[in-house]
Amino acid sequence: MSMYQVKPICGGDIKIDLPTCMYKLPNIHAQQGNSCTSEHALQNGEVDPAVKALEARQDEIMRKLYELKAAVEGLAKTVTTPDADLDLTVSSSLSSQSVSSTTFKGTTDLDTLLGKDLGALRDIVINANPAQPPLTLLVLHSLLCQRYQVLSTVHVHSSVANVPPQLLSCLGPRHANSYARHMFQLGFTLIWKDVPKLEMKFSVQNMCPIQGEANVARFLFKLLAPYPSDPALATLVDSWVDTAFFQLAEGSTKERAAVLRALNSALGRNPWLAGPEFSLADVACYCCVLQSGSASSAPANVQRWLKSCENLGHFGPAKLLLQ
Amino acid sequence: MTKDEVQGASEEEQQAQSKKALKKQQKEAEKAAKKAEKQAKLAAEQQSTEEDDFAKDRYGVSAMVQSQQKLDRVLVRVQDLTPEKADQLIWLRARVHTSRAKGKQCFLVLRQQQFNVQALVAVGDRASKQMVKFAANITKDSIQDVELHIERIFVISQAEPRLPLQLEDAVRPDGEGEEEGRATVNQDTKLDNRVIDLRTTTSQAIFRLQSGVCQLFRDTLTKKGFVEIQTPKIISAASEGGANVFTVSYFKTSAYLAQSPQLYKQMCICADFDKVFCVGPVFRAEDSNTHRHLTEFVGLDIELAFNYHYHEVIDSITDTMVQIFKGLRDNFQTEIQTVNKQFPSEPFKFLEPTLRLEYTEAVAMLREAGVEMGDEDDLSTPNEKLLGRLVKEKYDTDFYVLDKYPLAVRPFYTMPDPNNPKYSNSYDMFMRGEEILSGAQRIHDAQLLTERAIHHQIDLEKIKAYIDSFRYGAPPHGGGGIGLERVCMLYLGLHNVRQTSMFPRDPKRLTP
């Protein structure tokens, strides 16, 4: 049905003065008539390549921002931690594992320490009781892995019924090449067994077994770096190791408090327990402090020192086991 | 002396002799008289006592059980006699282990498999003197916290009075026998009279444990998705080597008794069964008279296809063995303790996951201990035992795997190591320093198999069927087999495999 027509009130062409101070956009409506292909593209749900490029640029900028933030955080930590060249906790998450042997200075030779190489894997066997997991040895194990090619295995002895799963995976994931034992320099075999005291066996013919976590820690540490050549310093390291294992780990609350005070005063003078460098004393004391549960109630210097230890990045496995 | 004197002496002797003879005769006459008196007395006594036997129907020798009646009587087992059953009247059937009469009482020890209970027949209002006498005279072996007072006693099945061996002697540990001068029984005697020897508590325990091993083997593998197969034992060609096969006459030709189910296990893998195991007899005609060889034994064999590396096979087999050991440790402690009473030994220790050493490490350990051997030499039995002791000292395990044996000492179907042609993808497993399993990744390519066979100078015609089975696409696979008797012997720490074989067969023994 046709309607009646009305005469137009105003003229067809009205001229509008568009302002020139703003930038001009192409007419969206006019575009519809011009290109049908892009309409099809939008209707299909595909993203316009221009938008894609924009998103990519945004992602790139965000990533760079995060990297920058992490680097700044790392620098901040480095400033507070004595003796660290690079913040290992952060750098390891960004890039792939790089062998950093800068932690310990000094050279060691496996042949002089472990005896002549007989052309086969040199396997260190450690028998530990699952009721008292040896945190120090786990830390030393991760240090050894950075220095040498270590084949780590965990076994459960038949004298123990079962063992919680975190103790089975405490040495980290299985190495990809673990099927070929001869490709490794050192073997680290941890056996969870019902033993009264932790013991280590290496060469049945030439060595007697080493008993006690402190002594095994000393042996393993020698594979990483020699003891300080200054005898006074070496004795200091040894005395701290003994203090850690006798008074901190097995002592009464009074003894532990006394040790924490001693730690506090020692750390007030030096950044690390045995002077300017990180040593076995720090490893041992850190693990025993953590195991005795007095980390939160420790005095100020000790807390600072605990944070520095953690920043070095070696104590990850120990913390994981205690959770 | 003169002749006369001699004669005189001899006469005297004769006279003396005749005197002696007289005396002797007299004595004999006296004896006879006394005996007659005694017998008369006895007869008189018996008559008198027979009159007083009020318990006549409560004892005696039962008629032979020929299924005359079906009684709903419940027989209680000796192991179920607990203090809770005190003062109850029960029926019990057991063997008479020992009986000891003392005046008005007779103590009997009744035995049923591994369990004993003491029983008492006492003269009272339920039992008469004759009953006590009857109980005392029951031949041994005829049919605990608790003691039974017997009201009725019947012999179901009598044994001959003289047993070829005494059960207490058979169970006595060797050391104790020597110390106290008591008898122990020789192994050969035991094996000749196997039926009686198997009644001892030790034998009962050993074979119950063996049954447990078989059961655990089946259960563990079935849970892992294995299929049990039965392979033929009459075969046309010797599988392992020509020398050690038994020949049987097979209609107009002859056939052989299978030395191992190897060929058929592999054919099952080529037939896509993926994971198979079989339990069956294995026949080896080896003239070895050692403590650990039998001519017929039960073989527990496994074969499985793997994805990328033959260590998957090793892991599967060692896991099965560890599950068997755990099952024995947790469920068969009574049996292990019973065996330990006669044959003391250290309990069996193992690691989980199983320890795996490489052959080069073993050679290094032996060299350190002073043994001289080349890199590619096979391990002799004394070296294996020494290695077992060294591993036990370092790792404290009685069970371990030795991997990567030299290629030269393995059979022709062993897959060589891809990285080092001197070694192979093969392994042996040891218990208490003695080998229990020899296995490897098998060559699944017909071409390579032919090459290796030629290298070992084997007649290709004889193994044509074997090589043909790999021509139609075979997955990479590996496996191994253990001997049931040897595993039981080593687990319990016994010293002769004949103790763990019910009716053993060796080059010198064919019966029972």
Side-chain angles (χ1 to χ4, degrees), chain A residues 114-130 151-163 165 167-169 171 174-195 198-210, chain B residues 308-315 318 321-322 325-330 346-371 375 386-387 389-404 417-420 423 425 427 491:
Chain A
L114 297 177
K116 198 171 69 117
D117 185 359
L118 291 166
L121 178 72
R122 287 190 267 223
D123 202 4
I124 298 177
V125 177
I126 295 182
N127 297 325
N129 198 320
L151 174 66
S152 343
T153 35
V154 180
H155 295 275
V156 175
H157 194 261
S158 55
S159 54
V160 172
N162 48 34
V163 146
L167 288 183
L168 292 174
S169 51
L171 291 184
R174 228 167 94 142
H175 199 280
N177 287 343
S178 60
Y179 60 86
R181 284 170 73 99
H182 53 268
M183 284 169 47
F184 294 86
Q185 291 170 293
L186 208 57
F188 193 98
T189 304
L190 179 60
I191 302 179
W192 294 113
K193 188 173 155 183
D194 188 14
V195 268
L198 185 134
E199 66 175 1
M200 185 204 104
K201 291 191 187 175
F202 178 63
S203 164
V204 168
Q205 302 292 321
N206 308 326
M207 269 175 60
C208 66
I210 299 182
Chain B
Y308 293 106
H309 201 280
Y310 74 99
H311 279 186
E312 296 166 39
V313 175
I314 296 188
D315 289 340
T318 51
M321 296 304 296
V322 165
F325 296 146
K326 277 192 183 170
L328 292 177
R329 175 192 70 185
D330 297 336
E346 293 274 320
F348 191 80
K349 298 194 197 147
F350 54 94
L351 296 176
E352 183 186 7
T354 306
L355 179 67
R356 189 181 70 236
L357 300 176
E358 285 189 358
Y359 197 77
T360 40
E361 283 176 71
V363 172
M365 280 171 99
L366 286 172
R367 281 189 182 142
E368 218 182 4
V371 172
D375 281 341
L386 175 60
L387 183 64
R389 281 201 294 277
L390 293 172
V391 169
K392 177 85 192 266
E393 244 200 274
K394 186 166 177 182
Y395 297 90
D396 199 21
T397 172
D398 287 311
F399 175 63
Y400 68 98
V401 183
L402 202 55
D403 191 18
K404 295 278 183 215
D417 188 329
N419 303 320
N420 188 340
Y423 293 100
N425 291 353
Y427 44 88
Y491 185 83

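A distance of 5.5 Å separates CD of Q205(A) from CG of L390(B), quoted to the nearest 0.5 Å.
Only the side chain of I191(A) comes within less than 4.5 Å of a heavy atom in chain B; its backbone stays farther off. Residue V154(A) touches chain B through its backbone alone, counting heavy-atom pairs closer than 4.5 Å. Both the backbone and the side chain of D123(A) come within less than 4.5 Å of a heavy atom in chain B. Interface remark: Y359(B) contributes no atoms to any contact with chain A (heavy atom separation under 4.5 Å). Heavy atoms of N419(B) lying under 4.5 Å from chain A are absent altogether. Residue I314(B): no heavy atom, backbone or side chain, is found under 4.5 Å from chain A.
N425(B) and K404(B) share a side-chain donor-acceptor pair at under 3.5 Å.
Ring-centre distance between Y400(B) and Y395(B): not below the 6.0 Å cut-off. You'll find the ring centres of H175(A) and F184(A) inside the 6.0 Å limit.
Ranked by heavy-atom pairs shorter than 4.5 Å toward chain A, the options M365(B), R356(B), R367(B), E368(B) are led by E368(B). With chain A as partner, the option from D330(B), T360(B), D396(B) having the largest number of non-hydrogen pairs under 4.5 angstrom is D396(B). Interface check for chain B: of the options R122(A), K201(A), H155(A), the most heavy-atom pairs under 4.5 Å are formed by H155(A).
For F188(A), the ring-ring contact (aromatic ring centres under 6.0 Å, His included) partners at least two apart in sequence or on another chain are H141(A). Partners of E358(B) under the side chain to side chain donor-acceptor pair (under 3.5 Å) rule, at least two apart in sequence or in another chain, are H182(A).
Note on ring orientation: taking the six-membered ring where Trp is involved, the planes of Y491(B) and F325(B) are parallel (angle under 30°, cut-offs 30° and 60°).
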